[in-house]
Amino acid sequence: MSIQGLSNQNPTKVIKAYEDAEPKQGVTFAQVFKDVTGEAAKAHAEAEKSVADFVGGEKGSVHETMIALDKADMKLRLLVQVKNRLLEGYRELMRMQG
């Protein structure tokens, strides 16, 4: 029996890579998800402020506004992907138990 993608690799390298990927003590998934959610909300608020400033003619340029909107969009997409992966993992666990 072999795991796809690992059959040709040196087992020592695979184990070393796994050990290096271990999370640091004290960091939980809930905290990481909370941080990602907070960053997405912060980027959204910054984008809204940038748009309001640009439309109001106070400061900023079209480029700065578009960059702020793109940052908010990317962070929201990351949050959605993290959520999707979490739900996918949960569903897989439920299938395994049933």
Side-chain angles (χ1 to χ4, degrees):
M1 181 170 111
S2 68
I3 298 174
Q4 250 180 346
L6 296 179
S7 59
N8 295 333
Q9 294 187 10
N10 182 348
T12 307
K13 286 183 181 179
V14 173
I15 292 171
K16 180 68 175 149
Y18 176 76
E19 288 172 350
D20 291 344
E22 286 289 319
K24 295 179 181 176
Q25 294 294 329
V27 178
T28 64
F29 179 79
Q31 184 61 43
V32 171
F33 193 72
K34 185 177 179 182
D35 291 345
V36 169
T37 304
E39 289 210 14
K42 182 180 174 186
H44 180 73
E46 289 174 2
E48 281 185 346
K49 183 177 180 338
S50 180
V51 168
D53 288 346
F54 178 72
V55 170
E58 293 179 26
K59 61 179 178 178
S61 68
V62 141
H63 302 293
E64 291 170 353
T65 303
M66 291 306 296
I67 289 170
L69 288 168
D70 282 343
K71 282 182 182 180
D73 181 56
M74 285 192 310
K75 289 186 181 192
L76 179 62
R77 288 175 191 245
L78 173 66
L79 179 62
V80 168
Q81 287 300 317
V82 168
K83 183 234 7 147
N84 289 343
R85 295 293 170 104
L86 176 63
L87 286 175
E88 185 180 313
Y90 175 76
R91 289 181 186 134
E92 184 65 28
L93 286 172
M94 292 297 108
R95 276 191 288 258
M96 291 169 74
Q97 289 181 356

Q: Identify the two heavy atoms, one from Leu79 and one from Ala40, that lie closest to each other, and give their separation to 0.1 Å.
A: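 That closest heavy-atom pairing would be CD2-CB, 4.2 Å.
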
Q) Shortest non-hydrogen contact from Ala47 to Leu69? A)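 The pair with the smallest heavy-atom distance is CB-CD2, 3.8 Å.
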
Q. Do other residues, nucleotides or ligands put more than 12 heavy atoms under 6.0 Å from Met96 CE?
A.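 No, because the 6.0 Å sphere around CE of Met96 holds 12 heavy atoms or fewer from other groups.
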
Q) If you draw a 6.0 Å radius around CZ in Arg95, do more than 12 non-hydrogen atoms from other residues or ligands fall strictly inside? A)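 Atom CZ in Arg95 is packed in, count exceeds 12.
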
Q: With sequence neighbours left out, write down each residue that passes salt bridge (Lys or Arg N to Asp or Glu O under 4.0 Å) with Asp53, or none if nothing qualifies.
A: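 Once residues adjacent in sequence are excluded, the partners of Asp53 under the salt bridge (Lys or Arg N to Asp or Glu O under 4.0 Å) criterion are Lys49.
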
Q. So, does Thr37 use its side chain to make a donor-acceptor pair with the main chain of Phe33 at under 3.5 Å?
A.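 Yes, Thr37 side chain to Phe33 backbone: donor-acceptor pair under 3.5 Å.
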
At what distance, to the nearest 0.5 angstrom, does [atom1] of [X] lie from [atom2] of [Y]?
X     : Y     : atom1 : atom2 : value
Lys42 : Lys71 : NZ    : NZ    : 10.0 Å
Glu48 : His44 : CD    : NE2   : 3.5 Å
Gln81 : Glu88 : CD    : CD    : 9.5 Å
Asn84 : Arg77 : CG    : CZ    : 12.5 Å

**Q.** All side chain to side chain contact (heavy atoms under 4.5 Å, CB included) counterparts of Leu78, not counting sequence neighbours
**A.**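 By the side chain to side chain contact (heavy atoms under 4.5 Å, CB included) rule, Leu78 matches Val36, Val82.
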
(Q) Quick check: do Gln31 and Asp35 have side-chain heavy atoms less than 4.5 Å from each other? (A)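 The answer is yes, as the side chains (C-beta and beyond) meet within the 4.5 Å cut-off.
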
Q) Of Asp70, Val51, Val55, which is the lone residue that meets side chain to side chain contact (heavy atoms under 4.5 Å, CB included) with Thr65? A)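 Option passing the side chain to side chain contact (heavy atoms under 4.5 Å, CB included) with Thr65: Val51.
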
